[in-house]
Amino acid sequence: MNIEQEIQLQRDIRAIAELKATYCNCADGGWDRPSHNPEKVSALFIQDGVWDGGVFGRYEGREAIYGYFKDCQRFPLGYHFVGNPIIKVDGDSAKGNWHLMAALNIDDNKGIFIGGIYDDEFVRTPEGWRFKELKVTTAFYRIYEEEWSIGAPTG
């Protein structure tokens with residue numbers, strides 16, 4: 001690999017990592033903005049992209065992804081953290097793997113803490129890198145009977 005190819009590879013890896021971080025940021029909220037922004041999340045996918053949340057459902061196409069995330073706005077809090085990225089680029093496609101930790105409010109204002117693995121596929125588009133498929137596999141979860149306290153503690 002020559003220096004120009006290495007520079008392009010590093011730019012691609014950085015762009016894909018930023019895309020993943022943008023996805024998490026668009027799904028997060030509840031303390032300073034509503035969570036699960038359907039417009040922003042769905043725009044991160046190609047037109048026929050797939051969001052596969054395992055037990056949370058599988059949605060194919062931007063319209064279906066938009067609908068799912070619009071419904072997710074009923075969760076008053078969403079907070080995702082991803083780490084340990086492995087990103088492999090092959091021309092105009094790529095694969096990524098991340099560990100996930102997430103805190104959400106779910107039905108009946110119960111809190112849920114989730115750990116899992118993201119396995120994603122990406123494609124380069126004229127608008128930049130986009131998700132072809134985002135897939136999450138839940139490794140563990142814990143439901144709390146009380147909702148998360150939002151914001152900093154007082155007093």
Side-chain angles (χ1 to χ4, degrees), residues 11-87 89 94-155:
R11 285 180 178 161
D12 290 339
I13 289 171
R14 175 70 182 173
I16 291 166
E18 286 183 13
L19 176 65
K20 187 64 172 188
T22 299
Y23 166 81
C24 291
N25 191 45
C26 292
D28 289 347
W31 62 95
D32 66 343
R33 64 189 181 274
S35 68
H36 299 88
N37 185 309
E39 293 88 7
K40 290 182 178 179
V41 169
S42 61
L44 301 175
F45 288 79
I46 60 172
Q47 195 62 38
D48 60 347
V50 174
W51 186 90
D52 185 349
V55 298
F56 296 101
R58 180 181 167 90
Y59 301 89
E60 297 183 28
R62 275 190 185 164
E63 193 172 313
I65 294 166
Y66 176 93
Y68 174 71
F69 277 85
K70 180 119 176 106
D71 188 47
C72 284
Q73 289 179 314
R74 73 184 188 277
F75 303 144
L77 175 72
Y79 190 89
H80 295 74
F81 176 79
V82 295
N84 303 340
I86 301 171
I87 301 169
V89 178
K95 292 186 178 188
N97 174 279
W98 285 264
H99 286 87
L100 162 70
M101 300 292 270
L104 303 165
N105 272 107
I106 59 170
D107 301 326
D108 301 323
N109 272 340
K110 293 178 183 172
I112 185 169
F113 185 65
I114 301 170
I117 302 293
Y118 279 117
D119 286 302
D120 302 333
E121 295 181 28
F122 306 94
V123 293
R124 188 190 319 266
T125 72
E127 296 79 33
W129 287 96
R130 294 291 183 265
F131 288 98
K132 179 178 179 182
E133 181 172 1
L134 179 152
K135 181 179 180 181
V136 63
T137 302
T138 301
F140 64 86
Y141 69 95
R142 171 80 165 122
I143 296 176
Y144 296 91
E145 294 302 317
E146 296 180 22
E147 66 181 291
W148 296 99
S149 297
I150 298 173
T154 58

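Side chains are part of it too, since the values below use all heavy atoms of this structure and drop only hydrogens, waters and symmetry mates.
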**OP:** List the steps, then state whether side chain to side chain contact (heavy atoms under 4.5 Å, CB included) holds for His99 with Ile117.
**Re:** CA-CA 5 Å; His99 286 87; Ile117 302 293; 3.2 Å; yes
**OP:** Take Arg58 and Glu133 through the test side chain to side chain contact (heavy atoms under 4.5 Å, CB included) and record every step on the way to the result.
**Re:** CA-CA 10 Å; Arg58 180 181 167 90; Glu133 181 172 1; 3.4 Å; yes
Subject >> Worked verdict on Phe113 versus Met101 for side chain to side chain contact (heavy atoms under 4.5 Å, CB included) >> reply: CA-CA 7 Å; Phe113 185 65; Met101 300 292 270; 3.3 Å; yes
Subject >> Worked check of ring pair (Phe, Tyr, Trp, His ring centres under 6.0 Å) between Tyr79 and Trp31 >> reply: CA-CA 10 Å; Tyr79 190 89; Trp31 62 95; 5.7 Å; yes
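Under the rule for a ring pair (Phe, Tyr, Trp, His ring centres under 6.0 Å), Tyr118 has no partner lying at least two apart in sequence or in another chain. With sequence neighbours left out, Trp129 forms a ring pair (Phe, Tyr, Trp, His ring centres under 6.0 Å) with no residue at all.
From Asp28, atom CG reaches atom OH of Tyr23 across 9.5 Å, with rounding to the nearest 0.5 Å. The NE2 atom of His80 lies 11.0 Å from the SG atom of Cys26; values are rounded to the nearest 0.5 Å. To the nearest 0.5 angstrom, Glu63 atom CD is 13.0 Å from Glu60 atom CD. We find the CG-CG distance between Asp52 and Leu134 to be 8.5 Å, quoted to the nearest 0.5 Å. In this structure, the separation between CZ on Phe56 and CD1 on Ile114 is 4.0 Å, given to the nearest 0.5 Å. Taking CG of Leu77 as the reference point, atom NE2 of His36 lies at 9.0 Å (rounded to 0.5 Å).
Scanning both residues, Ile13 and Ile87, for their nearest heavy atoms gives O-CD1, 3.8 Å. When all heavy atoms are compared, the tightest approach of Val41 to Ala27 is CG2-N, 4.2 Å. Residues Pro76 and Ser35 approach most closely at C-OG, 4.5 Å, considering heavy atoms.
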Check residues 120-127 and write down every donor-acceptor pair under 3.5 Å in which the side-chain atom is one partner and the other belongs to a residue at least two apart or another chain.
unit_1: Asp120; atom_1: OD1; unit_2: Lys135; atom_2: N; d: 3.4
unit_1: Asp120; atom_1: OD2; unit_2: Lys20; atom_2: NZ; d: 2.7
unit_1: Arg124; atom_1: NE; unit_2: Asp92; atom_2: OD1; d: 2.6
unit_1: Arg124; atom_1: NH1; unit_2: Asp12; atom_2: OD1; d: 2.9
unit_1: Arg124; atom_1: NH2; unit_2: Asp12; atom_2: OD2; d: 2.9
unit_1: Arg124; atom_1: NH2; unit_2: Gly91; atom_2: O; d: 3.0
unit_1: Thr125; atom_1: OG1; unit_2: Glu127; atom_2: N; d: 3.1
unit_1: Thr125; atom_1: OG1; unit_2: Glu127; atom_2: OE1; d: 3.3
unit_1: Thr125; atom_1: OG1; unit_2: Gly128; atom_2: N; d: 3.3
unit_1: Thr125; atom_1: OG1; unit_2: Gly128; atom_2: O; d: 2.6

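The main-chain N or O of Phe45 is found under 3.5 Å from a side-chain atom of Arg62 such that the two form a donor-acceptor pair. For Arg142 (side chain) and Gly111 (main-chain N/O), no donor-acceptor pair under 3.5 Å exists by modelled atom type.
Using the six-membered ring where Trp is involved, Tyr59 and Tyr68 have ring planes that are parallel, under 30° apart on the 30 and 60° scheme.
Across Thr138, Val136, Thr137, a single residue satisfies side chain to side chain contact (heavy atoms under 4.5 Å, CB included) together with Leu100, and that is Val136.
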